[in-house]
Amino acid sequence: MNTNKLGNIFKGDKVIWMAFFFLCVISIIEVFSASSGLTYKSGSYLAPVFKHMFLLSLGAIAMIFTLNIPCRYFKTPTLFLYFGSILGLLWAVIAGEATNNAQRWISFLGIQFQPSEIAKGTIILLTAQILSALQTENGADKRAVKWILGLSAPLILLIFKENFSTAALISLVVFMMFVLGRVPKKLLGYMVACVGGLAVVGFLLIMTIGKVEEQPDNKKLLTEQVEPKKEEKGGIGSYLKRLDTWKSRINKFTSGKDLAPNEVDLDKDAQVAHANIAIASSNIVGRGPGNSVERDFLSQAFSDFIYAIIIEEMGIGGAFFVALLYMVILFRTGTIARRCENNFPAFLAMGYALLLATQAVFNMCVAVGLAPVTGQPLPLVSKGGTSTIINCVFLGVILSVSRSAKVRDESATAPTSATENTTESN
């Protein structure tokens, strides 16, 4: 009886459930280990990890709720989510709360969240709907691209203002969905050429107008009274500030200069330097869970750079296992999508799986020094609020699709009437 009750709760693909379980366990262990800075600020050793466990629990509840929703109902809130995302992003641009020189958060009823997280899911939902609605025997109709680009552009441009990496991430995922949706290769070529041209123009603009940000000198701060610079909120000044940030990151990443350990400036390049130290000090096998040293020096050890802490504590084997879990989710979702008779659930599930896997790759590449700092958290592992719950919802959608695909397979040998009823329910 107990087994049946658990089966009623943990519905859907068991492989994805196991990957989710392992990611949650790793997340709790590593966030607990990497939150020493938060522990010092809060005065409580367990408060940060308890809060994270509470958010993971909320995410799991949201995932279970979502997987019980039939696929056809995911289309219902599209317009509400679309206009809600636009309003939320505008709110963040005009009156949002700034953190680390980026104005990405808004508060509603005492709850702080990033509207860009909801906007990402909305763009995937829109793309899946339009691609499935405009499918022909020869692939997606050309109008699908026009509709998707036209509706996605306002959201992506609003995200781009304060979060270039998220805008680039969602644009890449949409392009991959175009490939899966069989958009004509000629159109795909045009898009690649246009994006390449814009990237060159943007790069030249950043390198011409942007100024290299000067990092504070700790010794000077100790001997002199230096007034902190006020952050500009909105207006052209805030846009120029982001250009400065992007130029600094590009310069650091493309410098190509190998510094000796005694030449590294731990004040100006603290995140990258301490992430490299964490990886180098792992000695392949790792220090062991909870034994990180660099967590006390990395400002975002529990978020953007948690993968470096995972390597330091769990070694190369642990790092490979974490990366493997995201690949399992992606390829398992591919298997589920191939079983779908209808295009919409297949595109939707693959869109969310690609989003999770691509964001994970972004984060891991930054942690090991293969990409410039982007500020992307590691999905379902990094400490977070909005992102943790929304990512759980994405997995819930995939599990809902897996339930539908499984029912279709089992009904293939059933009587015609039963098959028709199953098709209608999906």
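Each residue takes its place number in the sequence, starting with 1.
The minimum heavy-atom distance linking A144 with A140 is given by the pair CB-CB, 4.5 Å. Residues L131 and G181 approach most closely at CD1-CA, 4.4 Å, considering heavy atoms. In terms of heavy atoms, N138 sits closest to R182 at C-NH1, 4.3 Å. Nearest heavy-atom pair across M350 and A337 is CG-CB, 3.7 Å. Nearest approach of A353 to I398, heavy atoms of both residues: N-CD1, 3.9 Å. Between F344 and C71, the closest heavy-atom pair is CE2-O, 3.7 Å.
Take F175 and apply the ring pair (Phe, Tyr, Trp, His ring centres under 6.0 Å) test, not counting sequence neighbours, and it matches no residue. With sequence neighbours excluded, the residues forming a salt bridge (Lys or Arg N to Asp or Glu O under 4.0 Å) with R143 are D141, listed by chain and number.
Under the 3.5 Å distance criterion, with hydrogens and angles disregarded, a donor-acceptor pair is assigned to the side chains of S165 and N163. Side chains of S281 and E294: no donor on one and acceptor on the other come within 3.5 Å.
The closest donor-acceptor contact from the side chain of Y352 to the backbone of I124 lies at 3.5 Å or more, if one exists at all. Side-chain N or O atoms of D13 include none that pairs as donor or acceptor with a backbone N or O of I336 at under 3.5 Å. Side-chain atoms of Y326 come within 3.5 Å of backbone atoms of P379 as a donor-acceptor pair (strictly under, hydrogens ignored). A donor-acceptor contact shorter than 3.5 Å links the side chain of R295 to the backbone of S33.
R287 has a carboxylate O that lies under 4.0 Å from a charged side-chain N of E312, or vice versa, which qualifies the two as a salt bridge.
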Return all side-chain donor-acceptor pairs below 3.5 angstrom for residues 51-64, not counting sequence neighbours, or 'none' if the list is empty.
from : atom 1 : to  : atom 2 : distance (Å)
H52  : NE2    : S27 : OG     : 2.6
S57  : OG     : M53 : O      : 2.8

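Taking the six-membered ring for Trp and the full ring otherwise, the centers of F22 and F321 sit less than 6.0 Å from each other.
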Pair C24-L380, side chain to side chain contact (heavy atoms under 4.5 Å, CB included): steps then yes or no: CA-CA 7 Å; C24 286; L380 302 170; 5.9 Å; no
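Each of T166, L125, I390, V173 was checked for a side-chain contact (heavy atoms from CB on, under 4.5 Å) with K120, and the lone residue meeting it is T166.
With rounding to the nearest 0.5 angstrom, the OG atom of S382 is 12.0 Å from the OH atom of Y307.
A heavy-atom distance below 4.5 Å is not found between the side chains of F362 and P377.
Residue W147 places its CH2 atom among 12 or fewer non-hydrogen atoms of other residues, nucleotides or ligands, all under 6.0 Å distant.
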